[in-house]
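Just below is one structure, and these are the notes that go with it.
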Amino acid sequence: MSIVHILQKAVIKSLNNIYNLTVTEQDFQINLTKNEFEGDYTVVLFSLLKKNFTSPDILGIQLGNDLIKNNSKIFIAFNIIKGFLNLSIADEFWIALLKNNYDDTCYGKQPLNGKRVMVEYSSPNTNKPLHLGHLRNNFLGWSVAEILKSCGYKVFKSCIVNDRGVHICKSMIAWQMFADGATPQTNNTKGDHFVGEYYVKFNDEYKRQVAELIEKNYTQKDAEKDAPIMKAVQQMLQDWEAGEFSVIELWKTMNGWVYEGFAATYKNIGSDFDKTYYESNTYLLGKDIVQQGLDKDVFYRKEDSSIWIDLTENGLDEKLVLRKDGTSVYITQDIGLAQQKYEEYKIDESIYVIGDEQNYHMKVLKLIAQKLSVASADAIHHLSYGMVELPSGKMKSREGTVVDADDLVDEMINTARKHTEELGKVKDFTAPELVHLYKTIGLGAMKFYLLRVDPKKKMVFNPEESIDFHGFTGPFIQYTYARIKSILRKEKFDPVINISTNLLKSEKDILVAAEQFPLVISEAAKELDPSKVANYIFTLAKTFNSFLSELSIIKAESEEKKQLRLQLAIMTANILKSGMQMLGIDVPERM
RNA sequence: GGUCCGGUAGCUCAGCUGGAUAGAGCAUCAGCCUUCUAAGCUGAGGGUCAUUGGUUCGAAUCCAAUCCGGAUCACCA
């Protein structure tokens, strides 16, 4: 049980003892004591005064005395300043915490709780390569999955590939027009980039044709509609839906190229899925749901036979759920897929890692599912994340300001190599060891950079800052870990020695931080927020570095102190490692 | 226009279920490598927490209004 919980219970009990008063955890606050005051944890008394106490000092003294009387092994002293009851916690408590947990590599994690949850993330289109925005999505999805696992959930990672639709046909048409039979092999280009080039070529040609028509006195709108290349795309989409052999074959071939490219990228960044759904298989889902909705009068049919739902009483608009030609739209197939996931995996929670531009869509999705009383409705949870912007503004594919995922990964790994070479600390590494190290550091820097901020907020990606390996960065934490490992290689740990010593300030600081790890994990899981973990391990690493600069482990004053500090080092290393793992980041033994 | 999200140091961000003098990192400046990895440590400067009003013993945090920025409101996905 965490110290905060112990303290909460103790306060509740003491108030009951002294005043026969019943309060709950919500009635008072417990904080870490500020540095400038004596004590470790603080009970804020003001809110309790509302329960008819004369003065905070009297309440504080009586409460403080009772807490110590009943918990003499934990609380040893208190002081009261302006309504804050500051409690000092016994060194024995901290040392017991250390002794019981320092070598537990699962410290802070919880056993299986029987709950099953699916995390859907990545969800790429198959007409162009992955970019920076996908990276944030991937890292978030992966990390949230890991955090939930640490909290005892059985997690399934899934991905829905948007493998059909107009955007795919654009690349296909352009390939037919311009490729002259070229393939990724003949051009020596990664498959997804190869197909992406034709998507760009389509847009260039389309723009050219539109301009041409406007010169012939077309309006902008008509020109966009009548451009021959756009007509060809629409024809191709119809042919695809009709299952025309040559179109399907081309579609399979080009998607195949893209999948090869994606597979390489996913492998490189360490991302994978337990289940991949393809929109070409799911886009027809939801027809029976539409029928259900009509039967229940949740949906209604318009004159042109399209089917709608009226959400105006929920403050939203009317929404189409089935086209007049009888095909499902995005929202319909999503309800179908939600249901399918639920049935296939028997999940209790279904998390969607999707950008915040789809907040409205996800709201509508859940609302419709609820109105239909679909079993999976309440399980739906949208992890909405903000866009990644550049210092110059938004990424725009048309202006070529999109940051390509593969390029960025390469650049980060390259920067890691340059830094490492300059420092020259691992000259004895073999070539494969070096390659592995550069990747660990480069990817670590990138993942940490994208995960360290609140997912809900949009963020600015500053290329210069992101390649900085100092301060609040992945490599800083990796470095702290490597230093600890280096010390542990030099000095043997002797677990027999029984430690009973007074703790110095910077020794205790580490334990106070370590004690919070379990709470941080459950908080991060509750909020689906990896940045909580990132911020925490950064603070812990800083605390440890500060300790290390002040006190020596190997040259400790006594054997007992040396053993104590070795245990502190081991525990810190374990927490840093498992925290980083929850972010999808490896830690190197040396760097 | 409706709805939703955001505005904290030069920059990037914490803090937001109300609590003590608003915190980090980067950048700037000043120190620390015969001593466990200097990708480190210590210190300094830097703030009208967008604005105004309200609630409260107490507001960056809650409420209202205003200003600024963004997203969204498709028979696209």
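Chain letters run A, B, ... following the sequence lines, proteins first, then strands; residues in each count from 1.
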Does a side-chain N or O from A:T420 land closer than 4.0 Å to OP1 or OP2 of B:A39, or not?
no

Can you check whether A:F84 stacks with the B:G19 base, using ring centres under 5.5 Å and planes within 30°?
no

Residue list, side chain to side chain donor-acceptor pair (under 3.5 Å) with A:D57, at least two apart or on another chain:
none

For RNA chain B, what are the stems built from at least three Watson-Crick or G-U pairs in a row, each pair having both distances below 3.5 Å?
B:1-7 with B:67-73, B:10-13 with B:23-26, B:28-32 with B:40-44, B:50-54 with B:62-66

Interface polar pairs with nucleotides 10-17 of chain B, N/O, under 3.5 angstrom:
residue	atom	partner	partner atom	Å
B:C13	OP1	A:V460	N	2.6
B:A14	OP1	A:D454	N	2.8
B:A14	OP2	A:K457	NZ	3.2
B:C16	N4	A:K457	NZ	3.4

Hits for side chain to side chain donor-acceptor pair (under 3.5 Å) against A:E36, two or more places apart or cross-chain, chain-then-number order -> none

Is any side-chain N or O of A:T539 under 3.5 Å from a base N or O of B:A24, one able to act as donor and the other as acceptor?
no

Per-pair stack call A:F46 and B:G58, 5.5 Å, 30°:
no

How is A:I441 classified with respect to the nucleic acid when contacts are heavy atoms under 4.0 Å: base, sugar-phosphate, or nothing?
base

From B:A77, B:C73, B:U21, pick the nucleotide closest to the side chain of A:E36?
B:U21

Tell me if the aromatic rings of A:Y330 and A:H361 count as close, with their centers under 6.0 Å from one another.
yes

Contacts of A:H5 that satisfy side chain to side chain donor-acceptor pair (under 3.5 Å) - sequence neighbours left out:
A:S2

Stepwise, does the salt bridge (Lys or Arg N to Asp or Glu O under 4.0 Å) test hold for A:K457 with A:D454?
CA-CA 6 Å; A:K457 293 191 180 174; A:D454 186 340; 5.1 Å; no

Using atom names, set out every protein N or O paired with an N or O of nucleotides 29-33 of chain B below 3.5 Å, distance rounded to 0.1 Å.
none

Between the protein and nucleotides 34-38 of chain B, list every N/O to N/O distance that falls short of 3.5 Å.
residue	atom	partner	partner atom	Å
B:U35	O2'	A:K555	NZ	3.4
B:C36	O3'	A:K490	NZ	3.3
B:C36	O2	A:I553	N	3.4
B:C36	O2	A:I554	N	3.0
B:C36	N3	A:I553	N	3.0
B:C36	N4	A:L548	O	2.5
B:C36	N4	A:L551	O	2.5
B:U37	OP1	A:S486	OG	2.7
B:U37	OP2	A:S486	OG	3.3
B:U37	OP2	A:K490	NZ	2.7
B:U37	O2'	A:Y479	OH	2.1
B:U37	O2'	A:R483	NE	3.4
B:U37	O2	A:K425	NZ	2.6
B:U37	N3	A:M591	O	2.9
B:U37	O4	A:M591	N	3.2
B:A38	OP2	A:R483	NH2	3.3

Going 5' to 3' along nucleotides 60-65 of chain B, which nucleotides have protein heavy atoms under 4.0 Å from the base (write B), which only from the sugar-phosphate (write S), and which from neither (write -)?
------

Under the side chain to side chain donor-acceptor pair (under 3.5 Å) test, residues paired with A:R417 that sit two or more places apart
A:N414, A:E421

Tell me, which of residues 557-567 of chain A have any heavy atom that sits under 4.0 Å from an atom in RNA chain B?
none

Which residues share a salt bridge (Lys or Arg N to Asp or Glu O under 4.0 Å) with A:R590, sequence neighbours left out:
A:D428

Please give me every residue in residues 161-173 of chain A whose heavy atoms get under 4.0 Å of an atom in RNA chain B, ordered by residue number.
A:N162, A:R164

